[in-house]
Chemist: 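Handing you this structure, nothing more for now.
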Amino acid sequence: MEPTPDLDSFPGTSTYSFFDFSDEEEDDVNENYVPLSRQTRMEDPETDTDSSDDEIDYVPIHNSSIDSDEPLSEYAARVHERNSPGSTGFRWRKKENVPRKFGFTATPGLRVNLDASMSAHEFLKVFFTDEMLNIIVEETNNYAESHPGLVKGHERKWMPLSVPEFQVWIALKIMMGISPKPRQTQYWSKDDLHEAPFFPKHMPRDRFDHISSALHFSSNEFQDGSNRMWKLGPIIEQLKKNCQSVYTPPQWITVDESLWKFRGRLKFVTYNPTKRARFGLKVYKLCVSSGPTCGYTCSFNFYTGQDRGELPASHKAVADLMESADLLNKGYTLFVDNWYTSPTLFHWLQGRKSNACGTVRANRKWMPKDFPKLKLNEVDVRSTPTGMMCLKWVDKKPIHVLSTIHTSEMVETDRLNRHGNKVMKPKAIIDYNNGMKGVDVGDQLAASYPAARRSLKWYKKVFMYLFDLAMINAFALYKEVGGEAVHQLTFREEVIRGLLREYLPDAPKYSGRGRPAVTNSTLRLQGRNPHVIREIEGKKPLGIVKNEIPADTSAL
């Protein structure tokens, strides 16, 4: 007997169905199926009203359950057949939409004990926990001991790294983001143009470079060919878990991608000409879109070129993020752009009691094809009996919007046209513009004071990107509880002070190069040093070059 597969292991699958179909029953049961709302009207003639909906087939949301012996390919083919226009595909009608909004049942807010009286660095420690720090310190020490060539000839030998010393290193990295310099060596420069006493005061340059070179997060012995992010595997998993368990987001959320700049040699570097970085790692992020925690990242996934499957990549990205953050079946309102939006995805979200809104490409599969050519500010709408609306509106160019929570309602804006009248805009467009800002806000905050610097090793740079993500999340929670630092710069400075105050006393004390001086240099220069010059037997005294010392010593 074959084992029954775990339904949760398939992306975008669940045992819950919007209309509760069951493939284990006979086919005639599905053909004679009537939604519950219609059964009520059929049983009670008094509530029956004349409507053309009865003549149109209801669009059934496909059953997402999988039989125990059914391959995933057959399941995808069954879903495709159900959504084909010849059978039970999307039936668009030229009618005003009747949205089916799902009530919000989650309880947003903090899940940990944090308050405004706590130090700023305590909020950061919620995401970068002691467990994560211990993993980094252990792996870094193991890598440094197995690679003695990391220490150069003129430098001292490797000394074991401790958690307090690593926290001081982190504080210096944050400070580098606040005070950027063209080259890292200039932070320890004695040149008046670049001198920064803060850095040599807390750590020598050689030691900082040692830690940076040996930084490691996973043992090479556990290399996993199926996971291209194995170099950062433990850190990514722990950070994801912390982001999801610390805070429950409010109702409005968004999914979008970020591009983390990296131009080195890496198999899964992507090119996106619309992004400022253009080359880098693509990261799918699910973020909060409203309130003081706007920009908070609830979950994230990396694109590594290994996510091909039976489901489209855009559908799979949204399904994985929503399931990993445990936000399905709770009435959340999701905003996505035209790369993700499709009737199939929104149909799937309706089956998971989730609202959705987003711009959509006109040539998407199952989109209505009978939209006429419109003039400026004209609107046309199509809808399905399940409460999904497709709206076409002409501004500077035609815009298509798909939504399960809106109608074609037009509202006034603050913008005036050339005649002095207020511009009218669909409410779906306004809500979309407000709902899509979550990921952009987080990226803008992280780009203001970036801790990441150029690196040949991709995983070291990505680690600093992850650290910036944790910093933005900590700042969002700090604002949520009413912290005093209302600006990110002030918050980062408080984090630096808190880390140094807590960990600097336990960090190792560094000495300068060579043997330390025994006596005070001031006394030595004043001639008060008890050591005197004596002649050594068997050695000739050093000759004095004529006219080397001025005759009049008072001129010195």
Chemist: Salt bridge check: are D440 and K285 linked by an N-O gap of less than 4.0 Å?
Modeler: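 No, this pair does not count.
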Chemist: Do H400 and F371 have their ring centres less than 6.0 Å from each other?
Modeler: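 Between F371 and H400, which both carry aromatic rings, the centre distance is below 6.0 Å.
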Chemist: Under 6.0 Å between the ring centres of F463 and F217?
Modeler: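 Ring-ring flag for F463/F217: true, centres closer than 6.0 Å.
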Chemist: Sub-3.5 Å donor-acceptor pair from the side chain of T333 to the main-chain atoms of A356, do we have one?
Modeler: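 Pair absent, no side-chain N/O of T333 close to backbone of A356.
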Chemist: More than 12 heavy atoms of other residues, nucleotides or ligands under 6.0 Å from CG of N113: yes or no?
Modeler: no
Chemist: Which of these passes side-chain contact (heavy atoms from CB on, under 4.5 Å) with V381: K94, K392, M389, K95?
Modeler: M389
Chemist: Should the heavy atoms of other residues, nucleotides or ligands under 6.0 Å from NZ of K425 be counted, would the total exceed 12?
Modeler: yes
Chemist: Is the backbone N or O of K397 less than 3.5 Å from a side-chain atom of D395, with the two atoms forming a donor-acceptor pair by type?
Modeler: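 No.
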Chemist: With no hydrogens and no angle check, is any side-chain donor or acceptor of D380 less than 3.5 Å from a backbone partner on L391?
Modeler: no
Chemist: Taking the six-membered ring where the residue is Trp, are the ring centres of Y478 and F491 under 6.0 Å apart?
Modeler: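 Yes; F491 has its ring centre under 6.0 Å from that of Y478.
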Chemist: Please enumerate all residues that pass side chain to side chain donor-acceptor pair (under 3.5 Å) together with Y432, with sequence neighbours excluded.
Modeler: T359
Chemist: Taking the six-membered ring for Trp, is the centroid-to-centroid distance between F268 and W458 below 6.0 Å?
Modeler: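 Yes.
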Chemist: Looking only at atom types and distance, does a side-chain atom of T129 sit under 3.5 Å from a main-chain N or O of V126, one as donor and one as acceptor?
Modeler: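 No: the side chain of T129 does not pair with the backbone of V126.
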